[in-house]
Amino acid sequence: MLELRSPSGGPGLVLFCNAGDPPLELLPELLRTMDDAGVSCVELAVPFPGSPTDGPVVRASAERALHRGTGLDAVLATVARVRPSLRRTRVVLLADWAHSVRGTALPEFSRRVRDAGADALLLHGLPPVLRGEHLDAAASAGLPVVTTCYHGTSPTATVRGAAEAATAYVYLVASWGRSGTPPRDGWNGIAGTVRELRSHAPVPVAVGFGVRTAADVAALASCGADAAVVGSACVAALDAGARRGAPVQALTDLLGDLAAPVAAPA
């Protein structure tokens with residue numbers, strides 16, 4: 001499994017971004033900036049269109065990346081080039097089954113991701129009938145997997161299955177809906193689901209959807225999360241930075257804001 005907590009023992013940061021937005025040639029510098037800042041992990045998406053679980057910010061980013069012609073081969077080649085230089089930040093490849101995987105045997109796909117140097121794989125939109133085959137293929141390749149479940153809506157059996165199948169970490173989605181949407185009842189209720197996940201398997205738990213500020217990260221720390229996943233806020237910052245010709249600076253500023261000290265939640 002992946003180590004997500006910071007060296008100080010606090011929750012780590014997991015950033016989401018679409019490969020190819022900003023342009024793919026900037027990805028190595030962005031990843032090194034994350035690494036220098038101590039980011040635990042990046043969920044690097046091979047862009048795909050029309051995601052039903054992504055909000056408008058992430059969907060627009062994916063469309064920009066696709067318009068630039070960003071595809072699986074180029075993303076894997078870039079990961080292979082930059083991953084050996086990263087000291088702390090781990091790379092989780094997020095791939096949509098219908099857009100990037102269908103037509104390729106799952107064992108072959110897992111080996112390609114492993115050989116590129118990715119530290120784990122998160123498959124989006126995988127048909128349930130293929131779940132066992134996916135887990136077996138990843139295990140045979142020695143490739144850890146990220147699983148997902150939803151706070152408040154996933155049945156107990158689904159939560160348990162996510163915990164038991166994960167070999168990298170579990171991504172606990174804070175609320176049912178589109179990315180960028182925080183839980184309606186705040187962060188306090190997350191703690192129970194985190195404990196439930198840990199009761200089934202000792203994998204790290206990362207919580208995302210609606211994490212935008214250092215206060216959000218601190219709230220998740222009090223709920224026992226091992227990491228906070230920052231997706232829409234990261235994508236929006238990179239886009240704003242790219243529009244003014246400074247995406248790396250925009251990322252640096254975002255990471256500084258997320259790491260700012262805040263009062264412990266009551």
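What you see is a predicted model, and the numbers here were worked out from it, not measured in a lab. All values below were derived from every heavy atom in this structure, side-chain atoms included, with hydrogens, water molecules and symmetry-related copies excluded.
With respect to the salt-bridge test (charged N to carboxylate O, under 4.0 angstrom), the residues Arg87 and Asp35 qualify. With respect to Arg243 and Asp239, a salt bridge is recorded, a charged nitrogen being found less than 4.0 Å from a carboxylate O.
Inter-residue side-chain proximity for Leu26 and Val248 is flagged as unmet; no heavy-atom pair is nearer than 4.5 Å. Leu255 places a side-chain heavy atom less than 4.5 Å from the side chain of Leu15. Between Val82 and Leu27, every side-chain heavy-atom pair lies at or beyond the 4.5 Å cut-off. Side-chain contact between Pro49 and Leu66 is present, with heavy atoms from C-beta onward closer than 4.5 Å. Looking at heavy atoms from C-beta onward, Leu251 lies in side-chain contact with Met34 at the 4.5 angstrom threshold. Between His200 and Val170 the shortest side-chain heavy-atom distance does not fall below 4.5 Å. A 4.5 Å side-chain heavy-atom check between Leu123 and Leu106 finds at least one atom pair inside the cut-off. Under the 4.5 Å side-chain criterion, counting only non-hydrogen atoms from C-beta, Leu2 is not in contact with Pro204.
Listed for the Arg59 side chain is a donor-acceptor partner under 3.5 Å among the backbone atoms of Ser51. Asn18 places no side-chain N or O within donor-acceptor distance of the main-chain N or O of Asp21, the cut-off being under 3.5 Å. Between the side chain of Asp119 and the backbone N or O of Val91, at least one donor-acceptor pair lies under 3.5 Å. A donor-acceptor distance shorter than 3.5 angstrom exists from the side chain of Arg114 to the backbone of Ala141, with no hydrogens or angles considered. Checking side-chain atoms of Arg112 against main-chain N and O of Leu76 turns up no donor-acceptor pair under 3.5 Å. Remark: the backbone N or O of Val39 is paired with a side-chain donor or acceptor of Thr89 at under 3.5 angstrom. Remark: the backbone N or O of Pro107 is not paired with any side-chain donor or acceptor of Ser110 at under 3.5 angstrom. Although no hydrogens or angles enter the test, the distance criterion places no donor-acceptor pair under 3.5 Å between the side chain of Glu43 and the main chain of Ala45. Between the side chain of Ser61 and the backbone N or O of Val57 there is no donor-acceptor pair closer than 3.5 Å. Of the possible donor and acceptor atoms, one in the side chain of Asp226 sits under 3.5 Å from a partner among the backbone N and O of Val205.
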Original post:
Could you walk me through whether Val101 and His134 pass the side-chain contact (heavy atoms from CB on, under 4.5 Å) check?
Top reply: CA-CA 11 Å; Val101 185; His134 159 54; over 6 Å; no
**OP:** Carefully, step by step, assess Val42 and Leu30 under the rule side-chain contact (heavy atoms from CB on, under 4.5 Å).
**Re:** CA-CA 10 Å; Val42 57; Leu30 292 171; over 6 Å; no
Original post:
Could you go step by step and tell me if Phe109 and Leu72 meet the side-chain contact (heavy atoms from CB on, under 4.5 Å) rule?
Top reply: CA-CA 11 Å; Phe109 186 80; Leu72 176 65; 3.7 Å; yes
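Between His124 and Phe48, the ring centre distance stays below 6.0 Å.
Nearest approach of His151 to Thr193, heavy atoms of both residues: ND1-OG1, 2.7 Å.
Side-chain contact, Asp216 with Thr213: a donor N or O sits under 3.5 Å from an acceptor N or O. A donor atom on one side chain and an acceptor atom on the other are found under 3.5 Å apart for Arg88 and Ser40.
Remark: Glu164 CD is packed, more than 12 non-hydrogen atoms of other residues, nucleotides or ligands lying under 6.0 Å away.
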